[in-house]
A.B. asks: 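Mind looking over this structure? Questions follow.
In what follows, every chain begins at residue 1, and chains take the letters A, B, ... in the order their sequences are listed. Not measured: the values here are computed from a predicted model.
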Protein chains: 2
Amino acid sequence: MDTVEKLLDATERRIRQNGYHAVSFRDLADELGIKSASVHYHFRRKEDLGKAVVERYSKRFFEALDNAPDPLAAYCDVFEHALKRDEAICLCGVLGAETRGIPDDVAAEVKRFFEDNLAWLTNHLGDIGNAAMALSSLEGGMMIAQSLDDYSIFDRVRAELLSKAAQ
Amino acid sequence: MDTVEKLLDATERRIRQNGYHAVSFRDLADELGIKSASVHYHFRRKEDLGKAVVERYSKRFFEALDNAPDPLAAYCDVFEHALKRDEAICLCGVLGAETRGIPDDVAAEVKRFFEDNLAWLTNHLGDIGNAAMALSSLEGGMMIAQSLDDYSIFDRVRAELLSKAAQ
DNA sequence: GTCTATAATTTGATAGAC
DNA sequence: GTCTATCAAATTATAGAC
């Protein structure tokens, strides 16, 4: 795997666990066994790296939703995977909470992620109210599960969403 | 108003808008027209300040819920006020997203806030599934509304919560 | 309670050799 | 593409005068 990909991996994990401002070029370099100047070679500014991470995250997110037989269940699955496999919340959930404190072009990319999510959900669920509830509760449920260090609140959110949708 | 109260105000606003790591003693001092050494006189370490802010926030939050005739509507109101009057999301929503990247004692105070919220909601709504949905969707709805710079998603969440509760 | 002064560390970023 | 070396700025925090 090339350095760029490794940098994107390490940055995504660190932002998702600690927040944008808790990620430094030196820490990333140490993790990869290189020097911080080499990180700057691949991404001149920190916001270039941040923007690239969000773009890759968003692309992968929607690819994982392709051709799902049950859209809402598939949608919940993607978030559940992100939470339990990676032991971290949604990248855009972290960055959205820090919106005003991060560079404008990174915040713009996060905004686009949420707009695309609402469009996808509205398209597949047919109702924008249900779309708003699904996105908000899953994002909030991840954040609270992380704070409590207990996934059960996320599981309850998922169960409620699917049971109310079946009515 | 004394310096401690002014510091708590400024810190709360800055964390809620930008995140924990985007708040510095110098910025706080500048806002109050004092020097950063004077901030350290009142709060020796940054985590002492952070913990005090969460404690005050939590105390005020539950005071605002006292004696509400309609618990769920009152609960939504508190979050709506926080979002629209302060033009910022929930303090613990920001800190919860940064959980692993902030000092342990601050994270512990945030965890307690969410535990208390779930207990209050479960007590007043009677069902822990509804409690999980209310807390998660309101927290998530605030965060996404901030990212989109558009409150309508929060308003939809609120409307959905109240209409589903009435069924 | 606030100040000046300062320490020690970390940060994002660049220049130029290899 | 990675390195050494370095910079300017910012950070948390402390000592001691007033």
Side-chain angles (χ1 to χ4, degrees), chain A residues 1-56 94-95 98-110, chain B residues 1-54 56 94-95 98-109:
Chain A
M1 191 170 47
D2 64 2
T3 302
V4 165
E5 212 64 22
K6 284 183 194 163
L7 279 174
L8 292 173
D9 288 347
T11 304
E12 180 184 317
R13 181 171 38 74
R14 283 165 183 270
I15 293 180
R16 288 175 63 190
Q17 290 186 342
N18 303 326
Y20 183 84
H21 296 286
V23 177
S24 81
F25 275 49
R26 267 180 187 71
D27 289 341
L28 292 171
D30 287 347
E31 182 174 332
L32 267 68
I34 59 178
K35 296 297 174 180
S36 72
S38 304
V39 180
H40 279 281
Y41 169 79
H42 295 286
F43 298 96
R44 202 173 69 98
R45 299 167 306 165
K46 187 177 176 181
E47 61 188 285
D48 299 326
L49 175 55
K51 194 182 170 206
V53 167
V54 179
E55 283 169 348
R56 191 186 69 163
V94 180
L95 295 174
E98 299 179 299
T99 295
R100 293 205 182 89
I102 62 177
D104 285 346
D105 53 348
V106 181
E109 208 58 41
V110 173
Chain B
M1 191 169 47
D2 66 0
T3 303
V4 165
E5 211 64 23
K6 284 184 193 162
L7 279 174
L8 292 173
D9 288 346
T11 304
E12 180 185 318
R13 181 171 38 75
R14 283 164 182 271
I15 293 179
R16 288 175 63 191
Q17 290 186 340
N18 304 326
Y20 183 84
H21 296 286
V23 177
S24 81
F25 276 49
R26 263 181 188 72
D27 289 342
L28 292 171
D30 286 348
E31 182 174 331
L32 267 68
I34 59 177
K35 297 296 173 182
S36 73
S38 303
V39 179
H40 279 282
Y41 169 78
H42 296 286
F43 299 96
R44 201 173 69 96
R45 299 167 307 166
K46 185 176 177 181
E47 61 188 286
D48 299 325
L49 175 55
K51 194 183 171 206
V53 167
V54 178
R56 191 186 68 162
V94 180
L95 295 174
E98 299 178 299
T99 295
R100 293 205 182 88
I102 61 177
D104 284 347
D105 53 349
V106 181
E109 209 58 42

A.B. asks: Under 3.5 Å, which protein N or O atoms sit close to an N or O of nucleotides 11-14 of chain D? Give each pair with its distance.
C.D. replies:
| residue | atom | partner | partner atom | Å |
| --- | --- | --- | --- | --- |
| D/dT11 | OP1 | B/S24 | OG | 3.4 |
| D/dT12 | OP1 | B/V23 | O | 3.2 |
| D/dT12 | OP1 | B/K46 | NZ | 3.1 |
| D/dT12 | OP2 | B/F25 | N | 3.1 |
| D/dA13 | OP2 | B/K46 | N | 2.7 |
| D/dA13 | N7 | B/H40 | NE2 | 3.2 |
| D/dT14 | OP1 | B/R44 | NH1 | 2.7 |

A.B. asks: Do A/L8 and A/L49 touch side chain to side chain, with heavy atoms closer than 4.5 Å?
C.D. replies: yes
A.B. asks: Nearest-Å distance, CD (A/E5) to P (D/dG1)?
C.D. replies: 14 Å
A.B. asks: Using a 6.0 Å cut-off, check whether atom CG of A/D2 has over 12 heavy atoms from anything other than its own residue.
C.D. replies: yes
A.B. asks: On the nucleotide D/dG1, are OP1 or OP2 found under 4.0 Å from the side-chain N or O atoms that A/S38 carries?
C.D. replies: no
A.B. asks: For B/E47, what residues pass the salt bridge (Lys or Arg N to Asp or Glu O under 4.0 Å) criterion, not counting sequence neighbours?
C.D. replies: B/R45
A.B. asks: List the atom pairs, donor and acceptor, that lie under 3.5 Å between side-chain atoms in residues 35-42 of chain A and the rest of the protein, sequence neighbours left out.
C.D. replies:
| residue | atom | partner | partner atom | Å |
| --- | --- | --- | --- | --- |
| A/H40 | ND1 | A/R44 | O | 2.8 |

A.B. asks: Rounded to whole Å, how long is the line connecting atom NZ of A/K35 with atom P of C/dT11?
C.D. replies: 14 Å
A.B. asks: Would you mind reading off the distance between B/D30 atom CG and D/dA10 atom P, rounded to a whole angstrom?
C.D. replies: 11 Å
A.B. asks: Counting only side-chain heavy atoms from C-beta out, which of C/dC3, C/dG1, D/dT2 sits nearest to B/H42?
C.D. replies: C/dG1
A.B. asks: Could you check if a side-chain atom of A/L28 sits within less than 4.5 angstrom of a side-chain atom of A/V23, using non-hydrogen atoms only?
C.D. replies: yes
A.B. asks: Under 4.0 Å between a side-chain N or O of A/Y41 and OP1 or OP2 of D/dT2?
C.D. replies: no
A.B. asks: Just wondering, do A/M1 and A/D9 contact through their side chains at under 4.5 Å, heavy atoms?
C.D. replies: yes
A.B. asks: Which whole-number value in Å describes the distance from A/L32 CG to D/dC3 P?
C.D. replies: 10 Å
